[in-house]
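When a residue number appears, it is its place in the shown sequence, counting from 1.
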Amino acid sequence: NGEVSVELALAYSLNVPAVNTLKKLSVFKMVTKLSDANFSQIENDKHKLGLSLSLGGCGVSLEEMVGLFSAFSTKGIFEKPHYLKKGTQNKNDALFVENDFSFPIISEESAYMISDILTKVERPDFPSDYHNSKNVPKISWKTGTSYGRRDAWSIGYNAHYTIGVWVGNFDGQSSEYLTGAQVATPLLFQLFGSVDYAATDEVIKQPTTLKQRLVCSETGKVPSKFCKTLLNDFYIPTISQSDKCQHLKKIFVNNIDKEENKISYCSFCLPKDNSAYQTEYFPNIKPELTAYYINRNLPLRNIPPHNPACTHIFKDKNFPQITSLFENREYILEDDSTQLLLECRTASDISSVFWYINNKFLKESKPNERVFFSPFEFDIIQNKKGQMKISCTDNKGRNTDIYIRLKKSY
């Protein structure tokens, strides 16, 4: 989907942003929080869990999930759920009171922002038969559908109640009809509609410590002078990032009108004659987004190739990323004709890359070009460990090395 906002990623249940977020947070921190909130299976499996945790690759119960979601409506404070004795509505009559405890699991400001996003009805998991209904409850909610359509989830809450719905077969049998949006959420809305509210105010109130500011619509960051479209967004003073937007990058280019004849300069090779170059702004995007635009034939204004006469070796972080093979992974060769794929992502101002196998030159290619090679042409049999070094160097001299292991299956 290219670059998306947090709001869109959450509303549309996009997987890649969820995995990237957990990667930045760390699995350890997430598992620790969930263990503290009495997620028993996660506590038992804490040494085996990885990034798939963000997509449901773990064991949870309906009770655990409802208890966790309720913290969004209580200013981020998690409190262990209790069962009430029959015929009572008083928390003091709850069973297992000896295990009662509460602690902050998320900030009040963050809890409100998440709740605000989850109240939006312009999303794909909104049941189609509710669009024209006047009885849609004012709640925040999230749906979920497990792999293979074995479980349909929907959990919703407002200032007074949190309700969780699970629909599925007790034997784990899948069904094409088991989706959170079409099965669980309509039932969730009916349950909220049947609750007899004593309180009239169902809406979760915005904390006074949460403020709004103008941000660039491209990145959500504090605007720079080149940002054209601005919008209001929430931020937490002293917590939210305050760095300025960098979605465009100023580049020195030669003073030529034709795009195909343009080249870019760095500060080391910039011409002494000021009239020989000019400054222009180009998209400043990550290599994976460059590949996204190219693979879908979407328009993208690339930075012109760097001055071929420049002798400076660049040492910044925009080195090529090898994406087709992975460090320390073992690859099985089926026969002598087996070939491996070489593919990489580069910065947008790179015009070519150079591939090396075991320090031997293989081929020059364009960025994002797919290159195939036969491992048997590079004496892998002489290496007892079957180890092979793959190197990729861009035309700015930045290099990436990875080591893989090869094994014959015959």
| request: Answer yes when Asp45 and Lys48 have at least one side-chain N-carboxylate O distance shorter than 4.0 Å, and no when they do not. | output: yes
| query | Is Leu342 close to Trp355 at the side-chain level, that is, under 4.5 Å between some pair of heavy atoms? | reply | yes
| Measuring from Ile357:CD1 to Glu377:CD, what's the distance to the nearest 0.5 Å? | 10.0 Å
| request: Would you indicate whether the side-chain heavy atoms of Arg149 and Ser175 approach each other to under 4.5 Å? | output: no
Report, one line per pair, each donor and acceptor closer than 3.5 Å where one atom sits in a side chain of residues 221-236; sequence neighbours left out.
unit_1: Lys221; atom_1: NZ; unit_2: Asp243; atom_2: OD2; d: 3.0
unit_1: Ser224; atom_1: OG; unit_2: Cys245; atom_2: O; d: 2.6

| said: Regarding Lys80 and Glu63, does a basic nitrogen lie under 4.0 Å from an acidic carboxylate oxygen? | reply: no
| message | Would you say that Thr219 contacts Cys216 through its side chain, given a criterion of any heavy-atom pair below 4.5 Å between the two side chains? | response | yes
| query | Only one of Trp153, Phe189, Tyr157, Phe192 forms a ring pair (Phe, Tyr, Trp, His ring centres under 6.0 Å) with Trp141, so which one is it? | reply | Phe189
| message | My understanding is that only one of Lys250, Lys249, Lys262 makes a salt bridge (Lys or Arg N to Asp or Glu O under 4.0 Å) with Glu280; could you say which? | response | Lys262
| said: Does Glu334, at its CD atom, have more than 12 non-hydrogen atoms belonging to other residues, nucleotides or ligands within less than 6.0 Å? | reply: no
| task | For the pair Arg150 (side chain) and Tyr147 (backbone), establish whether a donor and an acceptor sit closer than 3.5 Å, ignoring hydrogens and angles. | result | yes
| said: Whether Lys286 and Glu3 form a salt bridge (side-chain N of Lys/Arg under 4.0 Å from carboxylate O of Asp/Glu) is what I want to check. | reply: no
| field | Any Ile404 side-chain heavy atom under 4.5 Å of Leu406 side chain | value | yes
| said: Can you confirm whether the side chains of Ser35 and Glu43 place a donor and an acceptor under 3.5 Å from each other? | reply: yes
| Does any non-hydrogen side-chain atom of Ile332 lie less than 4.5 Å from one of Lys408? | no
| task | Please check if the side chain of Asn254 supplies one atom and the backbone of Ile263 the other of a donor-acceptor pair under 3.5 Å. | result | yes
| Is there a donor in the side chain of Asn395 and an acceptor in the side chain of Ser351, or the other way round, less than 3.5 Å apart? | yes
| query | Can you name the ring-ring contact (aromatic ring centres under 6.0 Å, His included) partners of Tyr356, sequence neighbours left out? | reply | Phe361
Show me the side-chain donor-acceptor pairs of residues 15-31 shorter than 3.5 Å, one per line, residues at least two apart or across chains.
unit_1: Thr21; atom_1: OG1; unit_2: Pro17; atom_2: O; d: 2.7
unit_1: Ser26; atom_1: OG; unit_2: Lys29; atom_2: N; d: 3.2

| Is the side chain of Thr145 donor-acceptor paired with the backbone N or O of Thr179 at a distance under 3.5 Å, no angle test? | no
| said: Is it true that Thr185 and Ser154 share a donor-acceptor pair across their side chains at a distance under 3.5 Å? | reply: yes
| field | Contact check, side chains of Asp36 and Ile105, non-hydrogen atoms, under 4.5 Å | value | no
| Rounded distance (nearest 0.5 Å) linking atom CG of Asn307 with atom SG of Cys266 | 7.5 Å
| message | With a 6.0 Å cut-off (strictly less than), is the heavy-atom count around CG of Asp257, excluding the residue itself, greater than 12? | response | no
| Between Thr279 and Ile251, is there a donor-acceptor pair closer than 3.5 Å when you use the side chain of the first and the backbone of the second? | no
| Approximate separation, where rounding is to 0.5 Å, of Tyr292 OH and Asn1 CG | 6.0 Å
| message | Quick one: does any side-chain atom of Ser73 pair with a main-chain N or O of Ser70 as donor and acceptor, under 3.5 Å? | response | yes
| request: Give a yes/no verdict on a cation-pi contact between Arg301 and Phe282, requiring under 6.0 Å between NZ or CZ and the six-membered ring centre and an angle within 45° of the axis. | output: yes
| Roughly how far, to the nearest 0.5 Å, is CD1 of Ile139 from CD1 of Ile155? | 11.5 Å
| query | Does the side chain of Lys389 pick up a donor-acceptor pair with the side chain of Asn359 at under 3.5 Å? | reply | yes
| Exercise: do Glu109 and Thr209 side chains pair donor with acceptor under 3.5 Å | yes
